[in-house]
Amino acid sequence: QVQLVESGGGLVQAGGSLRLSCAASGRTFSTYTMGWFRQAPGKEREFVAAISWSGGSRYYADSMKDRFSISRDNAKNLAYLQMNSLKPEDTAVYYCAADLSVWSTNWRPSYWGQGTQVTVSS
């Protein structure tokens with residue numbers, strides 16, 4: 001039932017910042033765990049970050065925890081990924097995801113956005 005649309009991707013120089021947005025259409029958006037994944041060419045999709053429905057719990061992949069920040073605004077049906085100190089290896093398609101389940105290491109979100117390209121130049 002939930003539909004997700006990402007925006008905010010683009011080209012940025014190494015060391016720069018970018019904020020991705022995810023707009024959700026579901027009427028139960030506020031009850032969903034939200035997350036971000038990414039996939040680089042020739043690489044498997046990897047987990048980036050997730051946030052609980054209340055916003056009280058946040059989870060990050062080790063390689064991003066000091067540079068990325070996930071947030072949400074349930075009143076606006078929006079989730080965000082703030083990316084700082086970007087590196088060329090951050091170049092990937094970034095996907096927004098959502099699920100009713102609580103996040104865990106084997107979290108499998110049911111709903112996915114179409115992805116937005118992030119390219120970091122050296």
Side-chain angles (χ1 to χ4, degrees):
Q1 187 65 37
V2 174
Q3 291 184 302
L4 308 172
V5 179
E6 304 96 331
S7 62
L11 176 64
V12 64
Q13 291 186 345
S17 298
L18 205 62
R19 189 183 75 166
L20 306 182
S21 298
C22 176
S25 63
R27 55 183 167 87
T28 59
F29 170 80
S30 63
T31 69
Y32 282 76
T33 299
M34 301 293 298
W36 292 89
F37 293 75
R38 71 184 186 185
Q39 187 167 23
K43 303 285 187 178
E44 293 185 355
R45 184 172 56 190
E46 66 174 333
F47 172 75
V48 174
I51 185 169
S52 64
W53 69 267
S54 67
S57 298
R58 293 172 170 84
Y59 314 93
Y60 299 96
D62 288 342
S63 61
M64 296 90 160
K65 64 180 180 180
D66 295 326
R67 301 183 296 119
F68 292 6
S69 178
I70 189 170
S71 60
R72 67 191 298 165
D73 185 340
N74 290 341
K76 297 180 179 180
N77 284 1
L78 291 173
Y80 305 97
L81 183 69
Q82 178 67 46
M83 304 184 294
N84 300 319
S85 301
L86 284 164
K87 306 173 182 179
E89 51 262 44
D90 294 320
T91 295
V93 176
Y94 284 72
Y95 297 91
C96 179
D99 199 84
L100 285 169
S101 64
V102 175
W103 184 89
S104 66
T105 55
N106 62 352
W107 188 55
R108 294 182 178 180
S110 299
Y111 302 97
W112 295 85
Q114 82 288 347
T116 185
Q117 177 71 45
V118 172
T119 302
V120 184
S121 62
S122 60

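Note that the numbering runs from 1 along the sequence shown for the chain.
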Pair listing, ring-ring contact (aromatic ring centres under 6.0 Å, His included) test, anchored in residues 59-94, at least two apart: Tyr59-Trp103
Applying disulfide bond (SG atoms under 2.5 Å apart) as the test, list every pair that has at least one member in [range]; sequence neighbours left out.
range	result
residues 33-77	none
residues 29-92	none
residues 35-91	none

Quick one: list whatever passes ring-ring contact (aromatic ring centres under 6.0 Å, His included) with Trp53, sequence neighbours left out. none
Qualifying residues under side-chain contact (heavy atoms from CB on, under 4.5 Å), relative to [X], sequence neighbours excluded:
X	answer
Gln3	Ser25
Val12	Leu86, Val120
Ser101	Asp99, Trp107

Going by side-chain hydrogen bond (donor to acceptor under 3.5 Å, both in side chains), name the residues that satisfy it together with Thr105, two or more places apart in sequence or in a different chain.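 By the side-chain hydrogen bond (donor to acceptor under 3.5 Å, both in side chains) rule, Thr105 matches no residue at all.
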Residues which pass side-chain hydrogen bond (donor to acceptor under 3.5 Å, both in side chains) with Gln117, listed by chain and number, not counting sequence neighbours: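 Expected list: Thr119.
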Could you go through Ser110 and Leu100, starting from their C-alpha distance and side-chain angles, then the distance that decides it, and tell me whether this counts as side chain to side chain contact (heavy atoms under 4.5 Å, CB included)? CA-CA 8 Å; Ser110 299; Leu100 285 169; over 6 Å; no
Joint hydrophobic cluster, [X] plus [Y], side-chain heavy atoms closer than 4.5 Å:
X	Y	value
Ile51	Val2	yes
Leu20	Trp112	no
Phe37	Met64	no
Tyr32	Leu78	no

Quick test of your reading: applying salt bridge (charged side-chain N to carboxylate O under 4.0 Å, His left out), list the pairs with at least one residue in residues 31-49, sequence neighbours left out, ordered by first then second residue.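 Applying salt bridge (charged side-chain N to carboxylate O under 4.0 Å, His left out) to every pair that reaches into residues 31-49, excluding sequence neighbours, yields Arg38-Glu46, Arg38-Asp90.
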Residue pairs meeting side chain to side chain donor-acceptor pair (under 3.5 Å), one or both in residues 7-22, sequence neighbours left out, come to Ser17-Asn84
Between [X] and [Y], what is the shortest heavy-atom contact and its length?
X	Y	result
Ala79	Trp36	O-CZ2, 4.1 Å
Val118	Met83	CG2-CE, 3.9 Å
Met34	Ala98	SD-CB, 3.4 Å
Ala40	Thr91	CB-O, 3.5 Å
Leu4	Cys96	CD1-O, 3.8 Å

How many angstroms lie between atom CD1 of Ile70 and atom OG of Ser52, to the nearest 0.5 angstrom?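 Rounded to the nearest 0.5 Å, the CD1-OG separation comes to 9.5 Å.
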Could you tell me whether the side chain of Gln82 and the main chain of Ser69 form a donor-acceptor pair under 3.5 Å?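 Flag not set: sc Gln82 to bb Ser69 has no pair under 3.5 Å.
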Is a donor on one side and an acceptor on the other found under 3.5 Å between the side chain of Gln39 and the backbone of Ala92?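 Looks like no, no N/O pair under 3.5 Å.
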